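Comments concern the structure below.
Numbered from 1 within each chain, the chains take letters A, B, ... in sequence-line order. None of the values given here were measured: they were computed from a predicted structure.
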Amino acid sequence: MRYWLMKSEPETFGIDDLRARPQQTEHWDGVRNYQARNMMRDEMKIGDQIFFYHSNCDEPGIVGIAEVASESYPDFTAFDPDDKHFDPKSNPDKPTWFMVDVKFVRKLARTISLRELKTKSELGELALLRRGNRLSIMPVSAEQWAFILALE
DNA sequence: GCCAACGTTGGC
DNA sequence: GCCAACGTTGGC
């Protein structure tokens, strides 16, 4: 099993939105970055654990845990001209973009903020903290996962 | 709102 | 293939 971190803006789709979905599950649509796509399409497996990260908000940080709930499949929002994430280069016969379903596991007892994570030398290699990293999905090592959870 | 750090696009 | 222009992300 692998570990991941996925960013979302709480004003758009936060951890509480995921919890409120039927089956507490939602497809992770809208990813339009090839690196992030490759991780979802090629590396994520059902049961992988995910840190749910709130970005672009008052206190950016890890707010909960989710898990991968499906194999990857084409992101159908790319096919819809009316969708914000429409991409004319992707079509159902040869989709460009993929996604997985993500299921709510639990909220953390408190937000582990980006500010706090930055103070931990043990997390120097965490992709989230690397300079200029804007990927919305990134891998987390088992060691990093355990260390961060122990902060809770 | 600002701006650094990207990734993408398109002219050449 | 190069690279300038442009758009986006996301912390602050």
Side-chain angles (χ1 to χ4, degrees), chain A residues 2-21 25-44 48-68 72-141 143-145 147-152:
Chain A
R2 300 193 57 174
Y3 301 95
W4 307 94
L5 182 145
M6 296 170 87
K7 295 178 183 174
S8 191
E9 301 188 13
E11 290 201 7
T12 306
F13 187 78
I15 186 81
D16 291 327
D17 297 306
L18 179 62
R19 184 172 53 182
R21 284 293 190 271
T25 300
E26 184 62 291
H27 47 266
W28 203 264
D29 62 72
V31 171
R32 297 292 179 268
N33 171 282
Y34 287 102
Q35 265 185 279
R37 175 207 66 182
N38 291 348
M39 286 186 266
M40 285 200 293
R41 186 189 61 184
D42 306 331
E43 299 186 51
M44 283 189 182
D48 282 2
Q49 299 294 110
I50 301 162
F51 279 139
F52 197 110
Y53 178 92
H54 279 175
S55 66
N56 245 327
C57 55
D58 285 347
E59 191 182 30
I62 297 166
V63 295
I65 296 173
E67 65 182 24
V68 177
S72 64
Y73 57 102
D75 182 344
F76 51 77
T77 65
F79 309 144
D80 178 1
D82 295 327
D83 192 279
K84 183 184 175 208
H85 300 292
F86 174 60
D87 181 354
K89 294 190 302 300
S90 187
N91 67 76
D93 294 329
K94 199 173 185 305
T96 304
W97 304 112
F98 289 77
M99 61 187 174
V100 298
D101 289 347
V102 165
K103 181 177 172 59
F104 175 85
V105 174
R106 68 177 180 91
K107 290 177 78 164
L108 296 189
R110 66 182 185 90
T111 297
I112 300 175
S113 69
L114 175 62
R115 187 172 49 80
E116 178 177 355
L117 293 172
K118 282 178 171 174
T119 67
K120 308 296 181 187
S121 58
E122 293 89 339
L123 299 176
E125 299 303 311
L126 186 67
L128 180 71
L129 304 182
R130 284 213 304 267
R131 193 158 173 269
N133 195 316
R134 300 175 310 152
L135 269 183
S136 63
I137 299 174
M138 56 192 81
V140 175
S141 73
E143 292 76 15
Q144 291 162 344
W145 179 273
F147 181 84
I148 291 168
L149 264 192
L151 299 174
E152 182 184 12

Without decimals, in angstroms, what is the distance between [X] [atom1] and [N] [atom2]?
X: A/Leu135; N: B/dG7; atom1: CG; atom2: P; result: 8 Å
X: A/Met138; N: B/dC6; atom1: CE; atom2: C1'; result: 13 Å
X: A/Arg134; N: C/dG10; atom1: CZ; atom2: P; result: 8 Å
X: A/Asn33; N: C/dT8; atom1: CG; atom2: C1'; result: 11 Å
X: A/Leu129; N: B/dA4; atom1: CG; atom2: P; result: 21 Å
X: A/Tyr53; N: C/dG10; atom1: OH; atom2: P; result: 8 Å
X: A/Glu9; N: C/dC12; atom1: CD; atom2: P; result: 15 Å

Between C/dG10, C/dG11, B/dC6, which nucleotide gets closest to the side-chain atoms of A/Pro60?
-> C/dG11
Is any side-chain heavy atom of [Y] closer than 4.5 Å to one of [X]?
X: A/Arg110; Y: A/Glu116; answer: yes
X: A/Val31; Y: A/Met99; answer: no
X: A/Asp75; Y: A/Arg32; answer: yes
X: A/Ile65; Y: A/Leu149; answer: yes
X: A/Tyr73; Y: A/His27; answer: yes

Comparing A/Asn133 and A/Asn56 on DNA chain B - which has the more 5′ nearest nucleotide = A/Asn56
Examine B/dC6: is either OP1 or OP2 under 4.0 Å from a nitrogen or oxygen in the side chain of A/Tyr34? Give yes or no.
-> no
OP1 or OP2 of C/dT9 less than 4.0 angstrom from a side-chain nitrogen or oxygen of A/Lys7, does that happen here?
-> no
Residues of residues 109-122 of chain A with any non-hydrogen atom less than 4.0 angstrom from an atom of DNA chain C: list those, numerically ordered, please.
-> A/Leu114, A/Lys118
Can you sort out which residues in residues 80-96 of chain A have a heavy atom within less than 4.0 Å of DNA chain C? Ascending by number, please.
-> none
Between A/Ser55 and A/Arg134, does any side-chain donor sit less than 3.5 Å from a side-chain acceptor?
-> no
Near A/Asp58 CG, under 6.0 Å, is it more than 12 heavy atoms from other residues, nucleotides or ligands?
-> no
Any idea how A/Phe52 and A/Phe13 line up, ring-wise: parallel (<30°), tilted (30 to 60°), or perpendicular (>60°)?
-> tilted
In a table with atom names and distances, give each donor-acceptor pair under 3.5 Å that connects a side chain of residues 84-91 of chain A to protein atoms at least two apart or in another chain.
from    : atom 1 : to      : atom 2 : distance (Å)
A/Asp87 : OD1    : A/Lys89 : N      : 2.9
A/Asp87 : OD1    : A/Lys89 : NZ     : 3.3
A/Asp87 : OD2    : A/Trp97 : NE1    : 2.7
A/Ser90 : OG     : A/Thr96 : N      : 2.8
A/Asn91 : OD1    : A/Asp93 : N      : 2.9
A/Asn91 : OD1    : A/Lys94 : N      : 3.1

